[in-house]
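Structure first, commentary second.
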Amino acid sequence: MPIKEVETPYPRIDADPHASRVVRYMRPSDYAVWAGATAGVPAVLHLWEMADPTKVSLKTPVRLGGFLGFIGGFMLAYQRSSARFWGWSENKREEELDFKELSQRASEGKPLYGTSQQPEWVQHAAAANSTFSQLKFSALPMFNIVNHNHHGTDPAKYGVKPKETTEDS
């Protein structure tokens, strides 16, 4: 599946990173954004109540706000981490981690992006649906949870021999 080449200010690492990689590569700033959103929503509800008191218990709304802040904060942190994989923001740390991880897998003779029990057409459909899906979180939160070989990168940079590349594609 060809992935559209987009000019980015930093090198593209992966156009459709697996969800586990996105979370593993999160930076402390991503966790701070996540924590800030988790705490921020209940704090705003509390401040709103102080400004315009309703004289009702806010226990349930604050808990719901905390839950929604947690989910929204996670999606925001996930989106920030994904932007580094796409090369849209500074990604030197992720580039080094990716090269180290995938070069190790290539030297061990393992598939770069893991193995999948799914047929090729399912892997292709999963990649088509989840590539850049982080941009559509507000409409439909979707994560790449299928191992496939459609990542928009050249496996040769990790030391994969051309013969293996044609077999895995």
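None of the values given here were measured: they were computed from a predicted structure.
One hydrophobic cluster, built from ILVMFWY side chains closer than 4.5 Å, holds both Leu112 and Phe99. Linking Ile, Leu, Val, Met, Phe, Trp and Tyr whenever their side-chain heavy atoms come within less than 4.5 Å leaves Leu135 and Val33 in two separate clusters. Val41 and Ile71 fall into different hydrophobic clusters, where Ile, Leu, Val, Met, Phe, Trp and Tyr side chains are chained together by heavy-atom contacts under 4.5 Å.
For the pair Val146 and Gln118, the tightest heavy-atom approach, listed with the atom from each and the gap, is CG1-CG, 4.5 Å. The two residues Ala77 and Met26 have their closest heavy-atom pair at C-CE, 3.9 Å. The minimum heavy-atom distance linking Ala15 with Pro17 is given by the pair C-CD, 3.7 Å. Leu45 and Gly65 get closest at one heavy-atom pair: CD1-CA, 4.2 Å. Residues Asp16 and Ser130 approach most closely at OD2-OG, 2.8 Å, considering heavy atoms. Closest non-hydrogen pair, Trp88 versus Pro9, comes out as O-CG, 4.1 Å.
No more than 12 heavy atoms of other residues, nucleotides or ligands sit less than 6.0 Å from atom CD of Gln117. More than 12 heavy atoms of other residues, nucleotides or ligands shown are found within 6.0 angstrom of CG on Leu140.
Side-chain contact between Arg80 and Ser29 is present, with at least one heavy-atom pair separated by less than 4.5 Å. When side chains are defined from C-beta on, Ile13 does not count as touching Arg84, because their heavy atoms never get closer than 4.5 Å. Residues Arg27 and Glu94 have side chains in contact (heavy-atom distance under 4.5 Å, counting atoms from C-beta outward). By the 4.5 Å heavy-atom criterion applied to side chains, Phe143 and Val22 are not counted as neighbours. Side-chain contact between Glu96 and Lys100 is absent, with no heavy-atom pair separated by less than 4.5 Å.
The distance from atom CG of Asp98 to atom OG of Ser103, rounded to the nearest 0.5 Å, is 8.0 Å. Separating the CD atom in Gln134 from the OG atom in Ser82 is a distance of 3.5 Å, to the nearest 0.5 Å. Here the CG atom belonging to Asn129 is positioned 9.5 Å from the NE2 atom belonging to His124, to the nearest 0.5 angstrom. Leu102 contributes atom CG, which lies 12.0 Å from atom NZ of Lys110 (distance to the nearest 0.5 angstrom). Distance CG/Asn144 to OG1/Thr131: 7.5 Å, rounded to 0.5 Å. Distance CD/Glu95 to CZ/Arg12: 13.0 Å, rounded to 0.5 Å.
Looking only at atom types and distance, the side chain of Tyr25 has a donor-acceptor partner in the side chain of Glu101 under 3.5 Å away.
Residue pairs meeting the ring-ring contact (aromatic ring centres under 6.0 Å, His included) criterion with at least one partner in residues 49-73, sequence neighbours excluded, are Trp34-Phe70.
Checked by atom type and distance alone, the side chain of Asn91 never pairs as donor or acceptor with a backbone atom of Trp86 at under 3.5 Å.
You'll find the ring centres of Phe85 and Phe132 outside the 6.0 Å limit.
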Could you check Trp48 against Thr54 for side chain to side chain contact (heavy atoms under 4.5 Å, CB included), going step by step and ending with a plain yes or no? CA-CA 10 Å; Trp48 197 355; Thr54 59; over 6 Å; no
